[in-house]
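To start, the structure under review is shown below, and the notes come after it.
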Amino acid sequence: MYPRPFHYHRAGSLPEAATMLSQLGDDAKLLAGGQSLIPLMKLRFANPSHLVDLNFVPGTSYINEQNGAVRFGALTRHSEIENSSIGVRFPILHDCAAGIADVQIRNRGTIGGSLAEADPSGDWAAVLLTQKTEIWCLSPRRERSVPLTDFITDAYTTVLEHDELVREISVEVPGKGTGGAYLAFKRSAPVYPTASAAVQITMEGDICKDAHLVLGCVGLVPVRATAAADALRDRRIDDKSVAAAMDAVREAVDPQADMRGSAEYKRTLAAALVKRAIEVAVRRARGERVEVSHIYA
Amino acid sequence: MPETIDKVAIQLKVNGKLYSLAVEPRTLLVELLREELNLTGTHVGCDTTYCGACTVLLNGASVKSCTMFAVQADGAEILTVEGLAKDGKLHPIQKAFGDSYGLQCGYCTPGLMLSTFQLVTKNHEPSENEIRKAIAGNTCRCTGYQNIFKAIRLAAQNMKGA
């Protein structure tokens with residue numbers, strides 16, 4: 001399959017890429033890992049006249065820790081995050097990176113591209129919404145940081161202006177006594193999940209002091225289940241509070257029926273994934289090392 | 001009158017051989033390999049980033065060549081199935097797939113062997129789970145996975161001695 005013809009522009013730096021977008025107009029798109037965009041172009045769902053390729057910009061792929069935050073260059077590939085030592089101390093990042101699609105796609109796809117694409121079925125947004133995440137953006141006029149909570153506004157839609165790009169993603173490293181987990185249910189590796197659940201829980205003894213729960217693939221944007229978090233906060237994590245959180249998740253999500261399942265099926269699935277993710281997050285909050293992987297049908 | 005699109009000059013190494021070419025931006029890497037360079041061992045299966053029949057190594061990392069533009073391979077080194085055998089001798093991975101009957105129709109095999117290449121060059125004793133993860137992006141529709149697992153285990157052993 002051939003995409004519609006387009007003009008190719010290779011950016012040498014991120015400011016140059018932003019300037020190119022500005023000059024080329026609305027019909028220009030950025031090319032990062034291309035693992036969402038290129039299939040969309042081949043199917044002619046996306047038909048940009050110009051592509052600005054970021055892959056040759058040096059210094060856009062890095063993972064470093066500064067002042068209690070992990071910073072990811074926008075073009076850091078999922079596989080680089082999967083294989084980085086940061087995943088040992090910050091396991092929810094490993095859960096996400098190692099679970100995206102398959103080896104080949106993880107070798108190409110980027111964290112910045114995934115967030116900027118804002119695909120309702122994407123993995124990173126759901127995971128990073130459970131964390132304190134800032135998106136550093138660059139346009140010819142300004143540089144700004146946007147909290148991830150304000151960044152995605154609708155399906156495939158962010159606050160990015162047409163000549164603005166993601167430069168860096170900064171995620172605060174959670175302290176002691178807190179743990180996170182991300183689980184997705186997939187019919188096979190290369191497909192998008194049917195539903196996914198990201199959970200971050202802070203424990204004090206047996207009591208949950210704080211909780212963040214976000215569901216992926218069950219709404220036009222990742223669903224922040226605040227009522228479910230309320231059902232856990234200041235309570236013991238036991239069958240009763242977890243059941244209340246699961247009920248709140250079923251209420252909060254708004255899934256579309258499609259070939260992956262009915263809306264009711266996905267609601268049930270999202271609640272079940274939350275239950276499992278809570279179990280893992282609590283064990284990690286207690287300092288246990290728990291390996292998880294996505295669940296395949 | 002359709003707009004003219006400028007071709008882009010690129011240089012890339014495929015299986016050790018240097019090529020200088022001018023490509024249309026929308027040309028996919030797999031089309032360049034198959035149509036321009038006549039390296040038809042890399043297959044097109046689903047053409048939608050699913051099946052992995054088009055897997056090649058790009059600077060040592062496996063990628064789906066149907067989901068990358070040829071212009072993006074400028075300056076890169078590509079390894080395709082044609083680059084595995086040396087001097088008429090099968091590569092240890094190819095030998096393992098043959099010896100283990102790790103193929104039936106063979107359509108997915110070039111992609112599977114390159115996914116195997118990425119796995120076994122780093123890991124000479126992959127676990128069952130590591131093998132499953134390594135080839136999760138390669139679909140075999142003859143359902144021959146059991147022998148493919150055997151082949152990959154044997155390939156890892158062969159590579160240890162290599």
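Basis for what follows: all heavy atoms, side chains included, without hydrogens, waters or symmetry-related copies. Each chain gets a letter, A, B and so on, in the order its sequence line appears, and its residues count up from 1.
When heavy atoms are compared at a cutoff of 4.5 Å, Asn129(B) does not approach chain A at all. For Cys66(B), the parts lying near chain A are the backbone and the side chain together; criterion is any non-hydrogen pair under 4.5 Å. In this structure, chain A has heavy atoms under 4.5 Å from both the backbone and the side chain of Thr67(B). For Ala101(A), no part lies under 4.5 angstrom from a heavy atom of chain B. Contact annotation for Leu58(B): only side-chain heavy atoms (C-beta onward) come within less than 4.5 Å of a heavy atom of chain A.
If you tally non-hydrogen atom pairs under 4.5 Å between each of Arg4(A), Arg10(A), Met41(A) and chain B, the highest count goes to Arg10(A). In terms of heavy-atom pairs under 4.5 Å with chain A, the best-connected choice from Ser62(B), Ala136(B), Gly75(B) is Ser62(B).
Remark: side-chain polar atoms of Lys64(B) are not paired, donor with acceptor, to backbone N or O of Gln35(A) under 3.5 angstrom. Between the side chain of Asn107(A) and the backbone N or O of Val63(B) there is no donor-acceptor pair closer than 3.5 Å. With Arg26(B) contributing its side chain and Tyr2(A) its backbone, the two residues share no donor-acceptor pair below 3.5 Å.
When side chains are defined from C-beta on, Asp53(A) does not count as touching Phe69(B), because their heavy atoms never get closer than 4.5 Å. Between Thr49(B) and Lys42(A), every side-chain heavy-atom pair lies at or beyond the 4.5 Å cut-off.
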